[in-house]
Each structure stands twice: as C-alpha cells, then as structure tokens.
Amino acid sequence: MMTTPANLKPPARLALRGDLFDFTGAPAWGEVDSAAVRFRPDHWLLIENGRIAGAQLEAPDASWTQEDHTGKLILPGFIDSHVHMPQLDVIASYGTELLDWLNTYTFPAETRYVDPEHSRAGAELFVDALLAHGTTAAVAFPTVHKTSVDALFGAAQTRGMRLIAGKVLQDRHSPDGLRDDVDQAERDCIDLIDRWHGNERLAYAVTVRFAPTSTPAQLAMAGALCRADASLYMQTHVAENRAEVAWARELFPEARSYLDVYARAGLLHRRSVLAHGIWIDAADRAALRDSGAQIAHSPSSNLFLGSGLFDWRAAAAGGAAVSLASDVGGGTSLSMLRTMADAYKVQAMAGQRLTAWCALHAATLGAAQALDLTDEIGSLEAGRVADVCVWDWAADPVAHRRMKVARGLHERAFAWMTLADDRNLAAAFVAGTARYRRGAKP
Ligand code: GUN
Ligand code: ZN
C-alpha cells in the first residue's frame, strides 16, 4: 500500500477518466429506476487543488495531469459511520454474543491502548486499512485512553482524512485499566475538543461507549458538553442485543426505552450517531426523526454477534436517517462493499429487498447528509473535496462473467456491490492526493 507524505503536494490539476457514479438525491426504498442516480460513463473527473472542479466527456487540455482509468468505476470515497480503531485486534473472535464478547475479547484488547506506542501503531494500521478498503471518511471509536484519541486524530490528519472521533466515556461496569471518572473524563474531553475539533478535517464526537458503562452523572456530563457546543458530534451504541437492552432497562428504569436514556441526558440531536438500533419501536423512530439523529446500521456485526435483524424499511418509513457501518471488530470486514452485501442479506431475511441504490447512497451521500457534511464529501459534485476511489467492476473470472451478462445499470451495480471487495480497489484519493494504489510499495 502507498502512503503519500503529508507534505507531498498533489498535482494542482488532476483529471481521472472512468465511469463516474454518484447520487444527486436520495433514492426511494425499493426503487430500481431512480432519478437520484447519476451515472456518467467514460467521463473525465476534474480535480483542482484537492477539490472537484467538474466533469466532462472530452479530454482536458495539457494543463491537467491525466490518469486514464477507462473501464473502471469512479465513486466518492465510502463513509463508514461506525467503526472501532482498537478492535482490529479482536476481529473474527469465536463464539460469543455482545456482552460476553466485550468481556472476553474486546475490553482486554482495548486496555492495551494505554500505551502511546501501541496506540500510535494501531491508529496507523487502522487508517491505512480504511483507505485500502476505499473508505476515506469515518466516525470512529478509539478507547477510553486520551493517548489513543491523539493517535487516531494524528494518523488521520497526516493523511488529510475526514475523521470524527472522541475519547470513549465509560466509568462503570468496565475492567481496571478501561474506566475513567467523571471529572478526569470531562477535563480530557475539554482538552481534546480544544485541540482537535474543527482542526482541518477532524471533528470531535462526545463518545459514550453505551449506557450500561456510564453512570447517570457521566451521561449528564456528556449531555452538557453537547449542549455547550452544537457543532460537536455524539456517538454511542443503542439497542443492539436483547440481553443488553434488558440490562439498560434495569439500570435506567425511569427511561421509556433504551434510546430514551440518551434523549433524557441531552445526547439525542442532529449530530448523534447511534450504532445498531435493532430493538427499537415506533416511538424511538419518531424520536430519531424529530432529533435528526441517525442509526449507523452495522449488518456484518449484527450477523456475526447474532444480535438481530435491523428493520431498515421501518426506519426509513418512520423518517429516521440510516447510514452504513462496518462496526469492526464486531463486524468482520472493513469493506463497505461487504457491508452492503450483508445489509442486503439481512433485509432478505426479513422479507425485504434492499436496492443497490439505497445501499450505495447510505455509504456515500446519505451518510454525508446525516453527518451534515454534504458540502464536503459524499458526491462528485463540483466544489466537494476530492475524496474519490477508482474501482474495478470485476476482480475475478466469475465476476467478469456476471458483469458481461448483466442487463441494465441496477443489475450491474447490484452484482458489483454483492461480489466486489477490497481486491477491486485500484486507487483511493484523499483531497486529490493518492493515498492508496494497488500494488504500490509503502
Ligand atoms: N456496545 C458497547 N461497546 C460495544 C462495542 O465495542 N462493539 C459493539 N458492537 N457494541 C458495543
Ligand atoms: Zn460498535
């Protein structure tokens, strides 16, 4: 994999030739012919000073550095709306549901991130792995340790990436070495917000691990941080697993629902990202709609940990925003394409059909919209930062054959989404700089 030093300037004018694909709006549920899809085969995407300048059929003049990717797909970089930096260490761990998985594998692994060198190496590996899977922006959990937050933001900044993250808050029901307390946590958050929030392409998320591992006092502190600055994000987990939901009900009997625990603490707002949301009801969906918060749907994780089948259609019908997330290490791949393929299968299990358009939108423009970032990422519109990826339509003989016989754009896009993975990625650009090229040495 290739990483370009931060001080290496990309060409001021770069033109990429290929099949341009993005969205100009939101596709409706179940709609295979959608006016929201913009497909411009064999066009040139023009990138000037790291931003998209336009697209055209004819080759640009010699003032543009040209890269010819004829026959390949060019998409906005994927946005992973929920993923854990330290959990590459526990991805693919056998045999548990959520609460046992946390205690057996995840908490012990996260404890090691107290070490700055462990954090630095883990963060570098993580952001390079995201890029090598075509993910150019993420909403990510580091650990409870301040040093892991600095390492993650630092690694993303070196690569010019859009990243949203924050120190994990957990002051109870957590092992030694993975607990904070309200006062120290508040001081750490304030310092981290000061140094990282709005620093280039980085933004801070008040990060509550999940309600069971925070005292009411810590939730109140987190809510006060959000109230004090509406530009902060909030990220957490909600209603993922039935035993977890029962535990949250026991710990917070005054709340109407698990989601309501967060609402009562002032943590449900326009910039809230809540992973999972499998076991929610119609009143919760209305609360999500009214607050503008989003569910980060994590199908790979939900299948792997046996958590349940998320009702995407009910969420969409209820007006709740849904983005897509790998949730590694509960999820088993950083690939947003594998995530989409899993999302289709989860909906199929529930008797629903997820179109390629709904899936691809949720990992690009839809996520950007839910994160309030459409001016920056999620599409190939002029003016956006040039976070773009170049993909092979097919990476092996079976996929080549399938592409050859596919009729119509949706059939092709759906087969691509279902069969492709990181082997299909030819290059990933962040703000117009190539940060990954297949086969290139570091
Ligand atoms: N709930 C609380 N912590 C976690 C975590 O690390 N992963 C998942 N999937 N769910 C959680
Ligand atoms: Zn998670």
Side-chain angles (χ1 to χ4, degrees), residues 3 5-7 50 77 79-87 110 113-131 135-170 180 182-209 218 221-236 267 269-273 275 296 367-368 370-373 375-377 385 387 430-431 433 435:
T3 48
N7 59 1
I79 302 165
D80 186 341
S81 62
H82 178 77
V83 58
H84 297 256
M85 178 271 276
Q87 293 183 11
E110 291 196 11
Y113 283 74
V114 67
D115 173 28
E117 177 48 29
H118 191 72
S119 279
R120 191 201 56 74
E124 303 264 323
L125 175 73
F126 173 73
V127 293
D128 282 337
L130 288 179
L131 293 168
T135 296
T136 52
V139 185
F141 271 54
T143 65
V144 73
H145 314 100
K146 199 175 176 186
T147 190
S148 76
V149 190
D150 283 327
L152 180 55
F153 276 132
Q157 188 167 48
T158 305
R159 292 153 183 80
M161 283 172 74
R162 159 54 69 179
L163 185 97
I164 299 169
K167 187 200 109 67
V168 179
L169 298 167
Q170 52 184 120
D180 53 10
V182 178
D183 293 340
Q184 185 60 48
E186 184 175 32
R187 281 196 295 276
D188 286 355
C189 288
I190 290 168
D191 175 55
L192 289 164
I193 290 165
D194 204 41
R195 289 189 291 114
W196 294 113
H197 186 55
N199 181 346
E200 299 186 0
R201 302 188 72 193
L202 310 173
Y204 195 84
V206 173
T207 301
V208 174
R209 173 157 222 133
Q218 187 171 60
M221 182 274 284
L225 289 174
C226 290
R227 263 192 299 277
D229 182 350
S231 71
L232 290 172
Y233 289 89
M234 195 288 294
Q235 60 176 342
T236 191
L267 292 166
H269 53 73
R270 174 73 188 87
R271 291 192 164 202
S272 301
V273 183
L371 293 168
D372 249 349
L373 290 173
D375 288 349
E376 182 187 319
I377 54 175
V385 176
D387 293 350
V430 176
T433 297
R435 296 287 175 187

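- A distance of 9.0 Å separates OG in Ser231 from CD1 in Ile193, rounded to the nearest 0.5 Å.
- Residues Trp196 and Phe153 bring their aromatic ring centres within 6.0 Å.
- Here Asp375 pairs with nothing under the salt bridge (charged side-chain N to carboxylate O under 4.0 Å, His left out) rule; sequence neighbours left out.
- For Tyr113, the ring-ring contact (aromatic ring centres under 6.0 Å, His included) partners two or more places apart in sequence, or in a different chain, are His118.
- The pair Asp191-Arg195 counts as a salt bridge, with a side-chain nitrogen and a carboxylate oxygen less than 4.0 angstrom apart.
- No hydrogens or angles considered: nothing links the side chains of His145 and Thr147 as a donor-acceptor pair under 3.5 Å.
- Looking at Lys167, its side chain does come within 3.5 Å of a backbone N or O of Val144 through a donor-acceptor pair.
- Residues satisfying the ring-ring contact (aromatic ring centres under 6.0 Å, His included) test with His269, not counting sequence neighbours, are none.
- Among Gln157, Glu376, Arg159, Met161, the single residue meeting the side-chain contact (heavy atoms from CB on, under 4.5 Å) criterion with Arg201 is Glu376.
- The ring-ring contact (aromatic ring centres under 6.0 Å, His included) test applied to Phe141 returns His82, His84, His237, not counting sequence neighbours.
- Remark: Arg271 engages Asp372 in a side chain to side chain donor-acceptor pair (under 3.5 Å) (not counting sequence neighbours).
- The side chain to side chain donor-acceptor pair (under 3.5 Å) search around Arg209 returns Glu110, Gln170, not counting sequence neighbours.
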